[in-house]
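Atoms within each ligand, like the ligands themselves, are counted from 1 in listed order. Position 1 is the first residue of the sequence, and the numbers go up from there.
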Amino acid sequence: MKRIAVFASGSGSNFQALVEAVNAGTLDANIRLLVCDQPSAAVLLRAQQARIDSFCSSPKDFADKTAFEMEIVQQLKSRDVEFIVLAGYMRLIGTTILQEYPESIVNIHPSLLPAFPGKDAIGQALDAGAQVSGLTIHYVDSGMDTGPIIAQTEIQIHSNDSRDDVQKRIQQAEHICYAKVLQELFTKETTNASP
Ligand code: GRF
């Protein structure tokens, strides 16, 4: 069973979907910690209700980003976390965490990368008049939504769609895909590790 931490900054609907997949037995993982950088984020309440530990802090509580990330690494290591799942975490992961978790951090982004990286990917897609967008699950590197792509799902955008319509459709797909792709990844890793 993979020991994971989820990093999130906002509502946490993806976090919730992962918790439900674990509870349903479709994701073979143990969510050891929620890392959050926004004290008022709804995801913290979700963690509390799911009885999952959370660590909430932001770089401004520390001398610099390195000190902030060293504290996060300490929180992760003290719970034997092996793998990090970003789910709406609105911060770039820095070298301190990247070096401790090589090829062990993934992110979900609401566009078909490399199209529309960064903030408000859905707004960017609508502004560009895209008829297709979707979601991407990818490994995390030091760039903004630039790491190697693991999986993508397309979502159609209709001409009369509001921003909310598109966001709802993408998030529904995210909630199904993230747990599924993680499960495939963890199963593959276990198989590869076998003699
Ligand atoms: C998701 O759409 C994800 O793709 C993006 O941030 C959003 C987080 O939503 N990275 P939620 O907090 O999981 O509801």
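- Only side-chain heavy atoms of Q171 come within less than 4.0 Å of ligand 1; its backbone N, CA, C and O stay farther off.
- Cation-pi geometry between K180 and F186 is not satisfied (NZ or CZ under 6.0 Å from the ring centre, within 45° of the ring normal).
- With salt bridges taken as basic N to acidic carboxylate O contacts below 4.0 Å, one links D53 and R79.
- Between F7 and the choices Y89, F83, Y101, the ring-ring contact (aromatic ring centres under 6.0 Å, His included) rule is met once, by Y89.
- Some N or O of G12 is nearer than 3.5 Å to an N or O of ligand 1, by distance alone.
- Side-chain atoms of L135 and C177, non-hydrogen and from C-beta on, do get closer than 4.5 Å to each other.
- Distance from atom 4 (O) of ligand 1 to its nearest protein heavy atom, with residue and atom name: E174 OE2, 2.4 Å.
- Distances from ligand 1 to the non-hydrogen atoms of P110 include at least one value under 4.0 Å.
- A salt bridge links R163 with D120: the closest approach of a Lys/Arg side-chain nitrogen to an acidic carboxylate oxygen falls below 4.0 angstrom.
- Here is the list of ligand 1 atoms found below 4.0 Å of a heavy atom in S13: 11 (P), 12 (O), 13 (O), 14 (O).
- The distance criterion of under 3.5 Å between nitrogen or oxygen atoms is met by I108 with respect to ligand 1.
- With hydrogens left out, the protein atom closest to atom 6 (O) of ligand 1 is G88 CA, 3.4 Å, a heavy atom.
- To the nearest 0.5 angstrom, D28 atom CG is 7.0 Å from T187 atom OG1.
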